[in-house]
Amino acid sequence: MSDWESVIGLEIHIQLMTKSKIFSASSTAYGAVPNEQASYVDLGMPGTLPVLNEIAIKKAIEFGLAINGQISKRSIFARKNYFYPDLPKNYQISQLDLPIVEGGHINIQNDQNIAKRINILRAHLEEDAGKSIHSKKDNCTFIDLNRAGTPLLEVVSQPDLRSAKEAVEYMKKIHEIVTFLKISDGNMQEGSFRCDANVSVKKHDDKELGTRTELKNINSFKFVEKAINFEIQRQIKLIEDGGRVIQETRLYDENKNITKSMRSKEEANDYRYFPDPDLPPIEIDEKFIKEIKDGMPMLPDEKRVSYQKNHALTDEQINILLNNSDISNFIDDVMKKSKIEPKKLMNYFISSIYLKMNKENLLMQDMMITPDDFCEIISAVENKKISKGNIKQIIDMPLTSTGSIEKIIEKFKKAQDDDQKNINSLIDKVINDNPKQVEDYKKGKTKILGFFVGQVLKNAKDSDPGTIKEKIIKILDNV
Ligand code: ADP
Ligand code: MG
């Protein structure tokens with residue numbers, strides 16, 4: 001076994017789910033025409049002043065409470081000074097001393113499947129920068145400032161992670177919390193959730209940590225794992241070959257699966273942080289914190305235990321619920337109202353509503369179905385009023401008012417009754433028309449049943465052959 005140990009600390013940038021930016025009224029919606037959502041404040045025009053978005057504060061506090069962190073009674077914004085074309089003010093408003101959240105922790109399962117606590121150093125608020133779009137075709141760089149001023153929460157972990165896998169576990173846990181609590185949409189393709197990974201290696205019994213490198217801006221769980229693993233191996237090889245790791249920022253190249261040096265500590269910026277004179281300190285009292293706490297739902301970790309212990313759901317079913325609090329709220333309501341076993345309810349849900357949501361990329365609220373309606377439909381299936389296949393058909397219908405669900409079920413029930421009547425008369429006809437075959441059956445040639453079933457199915461294509469066979473046997477045995 002190798003006597004090397006890897007040490008990792010993550011800085012996760014989470015875009016907060018607010019309608020407007022952290023210091024201006026422009027929209028944070030993703031995908032708009034470039035620069036349509038950049039106000040004078042976002043552009044850093046002289047004479048404009050930032051106004052703090054209260055929702056951003058609330059979301060940061062929710063996160064702090066969710067990780068058992070300390071909410072600062074007083075926190076301040078600072079200017080982090082640097083030049084970059086996508087930062088028109090030449091400084092980013094961030095927090096250095098007195099961040100909004102200090103301390104806290106997350107529990108993960110480590111590589112040996114043992115519970116492990118990962119400590120969090122701090123979580124601070126800041127504004128996102130704009131985007132530089134490098135165009136080879138036009139041989140120039142475009143600047144899009146729509147993202148400038150989008151609220152970010154930067155969550156900084158202690159160097160407690162010991163493998164790339166643990167880092168991913170930790171990141172997934174944070175992702176689950178922020179999406180379940182609607183602190184962030186967590187969309188990694190759109191950059192709402194991204195991470196810098198600090199990586200170092202040391203010998204197992206070394207007390208001191210090794211020199212770290214920082215891997216910038218990795219935006220998928222898969223690449224975080226790959227980039228960290230590459231970097232661990234690179235550092236081990238470097239040291240074993242007699243070299244030493246230098247503190248630097250490195251970029252991960254997804255295509256080549258390597259990390260490349262970007263800038264070293266010597267070239268690092270001196271940001272000359274100082275308190276932002278345009279923004280007063282944020283003062284938060286107990287009452288404000290309590291109100292936020294009282295409005296928070298159960299956390300994903302507690303919810304998981306409850307779904308396991310109280311409802312005996314499978315891990316797969318639980319993951320679907322913890323991935324989306326709208327679905328979880330819907331199912332919680334259904335479970336309260338229905339007498340049907342929760343696991344069965346979930347299977348009905350997954351094979352109908354959830355399937356449609358995924359196929360057509362719809363949200364829970366797009367489905368226009370209430371928990372009551374869903375309960376009615378499921379109990380109609382359980383009571384054999386309608387068939388399982390009918391669920392999907394009903395889900396596909398425009399359900400706008402709750403009053404109509406009984407009517408819809410009745411309609412499907414009538415159609416099913418008509419089908420049954422039709423099948424019964426088809427069976428009678430086939431038996432009457434084929435006396436010779438009936439005779440053969442009576443003599444013990446039971447194989448002939450296939451012929452009867454086939455004749456009926458010719459005129460009732462979608463029916464269940466098993467049920468038809470049973471009916472035919474019943475009649476023939478009584479002739
Ligand atoms: P800085 O202020 O330079 O960004 P911090 O002390 O805030 O440095 O640490 C940034 C991140 O680096 C944290 O997530 C921390 O856990 C991690 N980190 C610090 N030292 C090490 C190390 N030796 N190896 C790996 N990660 C480290
Ligand atoms: Mg840092």
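FYI, side chains are in, hydrogens and waters are out, and symmetry mates aren't considered; it's all heavy atoms of this structure. For clarity, every value in this text was computed on a predicted model and none was experimentally measured. This chain uses plain numbering: 1 for the first residue, then up along the sequence.
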Quiz question: by atom type and distance under 3.5 Å, do the side chains of His105 and Arg117 form a donor-acceptor pair? yes
Minimal heavy-atom distance between Lys216 and Glu214, with the atoms involved, is NZ-OE2, 3.5 Å
Derivation and outcome, side-chain contact (heavy atoms from CB on, under 4.5 Å), residues Ile472 and Leu449: CA-CA 8 Å; Ile472 295 174; Leu449 276 173; 3.9 Å; yes
Looking at every non-hydrogen atom in both residues, tell me the closest pair between Ala66 and Leu181 and how far apart they are. CB-CD1, 3.8 Å
Flag yes if more than 12 heavy atoms outside Gln70 fall under 6.0 Å of its CD atom; otherwise flag no. no
Without hydrogens or angle criteria, can the side chains of Asn146 and Glu36 be said to hold a donor-acceptor pair below 3.5 Å? no
Within 6.0 angstrom of Lys356 NZ, more than 12 heavy atoms from elsewhere: yes
Please determine whether side-chain contact (heavy atoms from CB on, under 4.5 Å) holds for the pair Leu121 and Val155, giving the CA-CA distance in whole Å, both sets of side-chain angles, and the decisive distance to 0.1 Å. CA-CA 8 Å; Leu121 208 58; Val155 180; over 6 Å; no
Could you state the interatomic distance from CD1 (Ile114) to CD1 (Ile108), rounded to the nearest 0.5 Å? 11.5 Å
Counting only pairs under 3.5 Å, give me each side-chain donor-acceptor contact of residues 311-318, with atom names and distances, residues two or more places apart or in other chains.
residue : atom : partner : partner atom : Å
Thr314  : OG1  : Gln317  : N            : 3.1
Gln317  : OE1  : Thr314  : N            : 3.1
Gln317  : NE2  : Lys343  : O            : 3.2
Gln317  : NE2  : Asn347  : OD1          : 3.1

Could you go through residues 57-65 and list every donor-acceptor pair under 3.5 Å that involves a side-chain atom there, pairing it with any protein atom two or more places apart or in another chain?
residue : atom : partner : partner atom : Å
Lys59   : NZ   : Lys182  : O            : 2.8

Around atom NZ of Lys469, are there more than 12 heavy atoms of other residues, nucleotides or ligands at under 6.0 Å? no
Could you tell me whether the side chains of Asp396 and Gln393 share a donor-acceptor contact shorter than 3.5 Å? no
Check this for me: Lys411, atom NZ, are more than 12 non-hydrogen atoms of other residues, nucleotides or ligands nearer than 6.0 Å? no
What's the spacing between Lys392 NZ and Tyr348 OH if we round to 0.5 Å? 14.0 Å
Checking side-chain polar atoms at under 3.5 Å, does Thr213 have a donor or acceptor matched by the opposite partner on Gln235? yes
Side-chain H-bond candidate by donor/acceptor type, Ser200 with Arg212, under 3.5 Å: no
Quick one about Tyr170 and Asn107 (side-chain donor to acceptor, distance below 3.5 Å, no hydrogens or angles considered), yes or no? no
Lys/Arg cation over aromatic Trp4: Lys203, 6.0 Å, 45° cone: yes
Assert yes or no for the condition that the ring centre distance of His175 to Phe221 is strictly below 6.0 Å. yes
When the ring planes of Phe330 and Phe349 are compared, do they come out parallel, tilted or perpendicular, using 30° and 60° as the limits? tilted
Smallest heavy-atom separation, Ser6 atom then Arg162 atom, equals OG-O, 2.9 Å
Please name the pair of heavy atoms, one in Ser163 and one in Asp111, separated by the smallest distance, quoted to 0.1 Å. OG-OD2, 3.0 Å
Please check if any side-chain donor atom of His124 sits under 3.5 Å from a side-chain acceptor atom of Glu126, or the reverse. yes
Counting neighbours of CG on Asn361 that are heavy atoms of other residues, nucleotides or ligands and sit closer than 6.0 Å, is the number greater than 12? no
Looking only at the side chains, is there a donor atom on one of Thr259 and Glu231 sitting less than 3.5 Å from an acceptor on the other? yes
Just verifying a value: how many Å separate Ile353 CD1 and Ile395 CD1, rounded to the nearest 0.5 Å? 4.0 Å
Can a side-chain donor-acceptor contact be found between Tyr441 and Asn434 if the only test is distance below 3.5 angstrom? no
Test salt bridge (Lys or Arg N to Asp or Glu O under 4.0 Å) on Lys471 and Asp428; report intermediate values, then the result. CA-CA 10 Å; Lys471 285 188 177 200; Asp428 286 345; over 6 Å; no
